[in-house]
Amino acid sequence: MATPLEDVGKQVWRGALLLADYILFRQDLFRGCTALELGAGTGLASIIAATVARTVYCTDVGADLLAMCQRNIALNSHLAATGGGVVKVKELDWLKDDLCTDPEVPFSWSQEEISDLYDHTTILFAAEVFYDDDLTDAVFKTLFRLAHKLKNACTAILSVEKRLNFTLRHLDVTCEAYDHFRSCLRALEQLRDGNLRFVVEPVEASFPQLLVYERIRQLVCLGP
């Protein structure tokens with residue numbers, strides 16, 4: 001089944017469910033923290049994170065998508081309220097170097113929010129945002145850019161599904177999008193920029209499954 005590129009954020013993908021399960025498993029990592037989700041889509045993972053985190057910046061692009069995300073968060077606000085967590089829906093465009101601060105633009109950032117983001121964030125997380133090579137490149141550039149601006153050492157948690165496709169170029173079944181994602185990870189590990197270092201660690205997907213989905217072997221999670 002094919003999905004138009006502009007609609008991928010309006011669905012809940014298996015990788016997001018895997019990430020949500022991992023957040024529930026590693027509540028100790030999120031408890032009381034400030035966290036940032038990239039490409040939040042429906043906001044599922046941010047909603048789960050807010051049950052234990054202090055503040056979650058739930059980000060994506062497109063006023064329509066962000067408005068849907070905001071509605072989902074409002075409908076599930078009772079979950080975050082139990083732990084005192086706050087979810088803030090904001091625009092974060094991977095193709096732009098700066099955050100939007102124009103108050104006339106929906107879901108723009110205040111200076112106070114930007115300061116809080118850079119001063120306190122310790123967790124970055126993203127699910128199923130590696131389906132297109134150009135966007136994958138943009139995600140990794142964003143991660144690198146954020147790492148330079150964040151004042152604290154930060155942990156990134158990424159989940160992705162390896163999708164098999166037959167290609168005429170290879171005349172075989174391949175995972176081209178996943179292969180590109182892995183090549184970007186290797187490049188990130190090899191970067192040396194002052195004291196900045198990146199370490200990539202796979203997560204064994206043996207943690208408890210609390211949400212309803214098929215945990216297929218093609219699901220991959222990377223994190224602490």
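Since this is a predicted model, take the numbers as computed values, not measurements.
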Problem set entry | Pairing residues for F107 by the ring-ring contact (aromatic ring centres under 6.0 Å, His included) criterion, not counting sequence neighbours | none
Exercise. For E91, what residues pass the salt bridge (Lys or Arg N to Asp or Glu O under 4.0 Å) criterion, not counting sequence neighbours?
Worked result: none
For this session: Consider only side-chain heavy atoms of I, L, V, M, F, W and Y, link residues closer than 4.5 Å, and tell whether L19 and L211 are in one cluster.
Result: yes
For this session: Identify the heavy atoms of E161 and I216 that sit nearest to each other, and give their distance.
Result: OE2-CD1, 3.3 Å
Problem set entry | Nearest heavy-atom neighbours spanning I123 and C154 | N-SG, 3.7 Å
Exercise. With side chains defined as the heavy atoms from C-beta onward, is the minimum distance between P202 and V220 less than 4.5 Å?
Worked result: no
Problem set entry | Trace of the side-chain contact (heavy atoms from CB on, under 4.5 Å) decision for F140 with L185 | CA-CA 8 Å; F140 277 95; L185 279 177; 3.7 Å; yes
For this session: Supply the atom-to-atom distance L17 CG to L210 CG, rounded to the nearest 0.5 angstrom.
Result: 11.5 Å
For this session: Output all residues satisfying ring-ring contact (aromatic ring centres under 6.0 Å, His included) with Y213, sequence neighbours left out; order by chain, then residue number.
Result: none
Problem set entry | Beyond-backbone contact of F144 with L146, side-chain heavy atoms, under 4.5 angstrom | no
Problem set entry | Closest non-hydrogen atom pair between R145 and K96, with its separation | NH2-O, 3.0 Å
Exercise. What pairs meet the side chain to side chain donor-acceptor pair (under 3.5 Å) rule with one or both residues in residues 61-81, with sequence neighbours excluded?
Worked result: K10-D64
Exercise. If you look only at pairs with a residue in residues 14-45, which of them pass as a ring-ring contact (aromatic ring centres under 6.0 Å, His included), with sequence neighbours excluded?
Worked result: Y22-F207, F25-F207, F30-F125
Exercise. Is a donor on one side and an acceptor on the other found under 3.5 Å between the side chain of D21 and the backbone of Q209?
Worked result: no
Exercise. Counting only N and O atoms by type, is there a donor-acceptor contact under 3.5 Å from the side chain of D93 to the main-chain atoms of L95?
Worked result: yes
Exercise. To the nearest 0.5 Å, what is the distance between CD (Q190) and CZ (R197)?
Worked result: 12.5 Å
Problem set entry | Minimal non-hydrogen separation, D60 against A40, with atom names | OD2-N, 3.2 Å
Problem set entry | W94 CH2 to D134 CG distance, which is reported to the nearest 0.5 Å | 12.0 Å
For this session: Would you check if L36 and L117 make a side-chain contact, meaning some heavy-atom pair closer than 4.5 Å?
Result: yes
For this session: Applying side chain to side chain contact (heavy atoms under 4.5 Å, CB included), name anything that partners E204, two or more places apart in sequence or on another chain.
Result: S206
Problem set entry | Pairing residues for Y178 by the ring-ring contact (aromatic ring centres under 6.0 Å, His included) criterion, not counting sequence neighbours | F181
Seminar exercise, completed: Of all heavy-atom pairs linking K162 and C175, the shortest is CB-SG, 4.2 Å
For this session: Using the side-chain contact (heavy atoms from CB on, under 4.5 Å) rule, pick out the option among L124, L222, L29 that qualifies with I157.
Result: L29
Without placing hydrogens or testing angles, list every side-chain donor-acceptor pair under 3.5 Å for residues 45-59, not counting sequence neighbours.
{"from": "S46", "atom 1": "OG", "to": "E37", "atom 2": "OE1", "distance (Å)": "2.5"}
{"from": "T51", "atom 1": "OG1", "to": "I48", "atom 2": "O", "distance (Å)": "2.6"}
{"from": "R54", "atom 1": "NH2", "to": "T34", "atom 2": "OG1", "distance (Å)": "2.6"}
{"from": "R54", "atom 1": "NH2", "to": "D116", "atom 2": "OD1", "distance (Å)": "3.2"}
{"from": "Y57", "atom 1": "OH", "to": "D116", "atom 2": "OD2", "distance (Å)": "2.7"}
{"from": "T59", "atom 1": "OG1", "to": "E37", "atom 2": "O", "distance (Å)": "2.5"}

Problem set entry | Non-neighbouring partners of D98 that pass side chain to side chain contact (heavy atoms under 4.5 Å, CB included), sequence neighbours left out | K149
For this session: State, with a plain yes or no, whether a side-chain heavy atom of V139 is found less than 4.5 Å away from one of L158.
Result: no
Exercise. Any side-chain heavy-atom pair from Q11 and T42 closer than 4.5 angstrom?
Worked result: no
Exercise. How long is the gap from OG on S159 to CZ on F130, to the nearest 0.5 Å?
Worked result: 8.0 Å
Seminar exercise, completed: Only residue of E176, Q218, E128 satisfying side chain to side chain donor-acceptor pair (under 3.5 Å) with R163 is E128
Seminar exercise, completed: Contacts of Y118 meeting ring-ring contact (aromatic ring centres under 6.0 Å, His included) (sequence neighbours excluded), chain-then-number -> none
Problem set entry | In one Ile/Leu/Val/Met/Phe/Trp/Tyr side-chain cluster, 4.5 Å: L150, L196 | yes
Problem set entry | Short side-chain to backbone donor-acceptor contact, N152 and D119, under 3.5 Å | yes
Exercise. Only one of L44, V86, V89 forms a side-chain contact (heavy atoms from CB on, under 4.5 Å) with I73, so which one is it?
Worked result: V89
Problem set entry | Which atom of V203 lies closest to which atom of G223, heavy atoms considered | CG2-N, 3.4 Å
Exercise. Given the rule that I, L, V, M, F, W and Y join up when any side-chain heavy atoms are under 4.5 Å apart, are V61 and M68 in one cluster?
Worked result: no
Problem set entry | Partner set under salt bridge (Lys or Arg N to Asp or Glu O under 4.0 Å) for R182, not counting sequence neighbours | none
Problem set entry | K151 side, atom NZ; T121 side, atom OG1 - distance, nearest 0.5 Å | 11.5 Å
For this session: Would you give the length of the straight line joining atom NE2 of H180 to atom OG1 of T136, rounded to the nearest 0.5 angstrom?
Result: 5.5 Å
For this session: Take L135 and V129, measure what side-chain contact (heavy atoms from CB on, under 4.5 Å) needs, and give me the verdict at the end.
Result: CA-CA 8 Å; L135 289 178; V129 296; over 6 Å; no
Exercise. What residue pairs, at least two apart or across chains, pass ring-ring contact (aromatic ring centres under 6.0 Å, His included) with a residue in residues 34-53?
Worked result: none
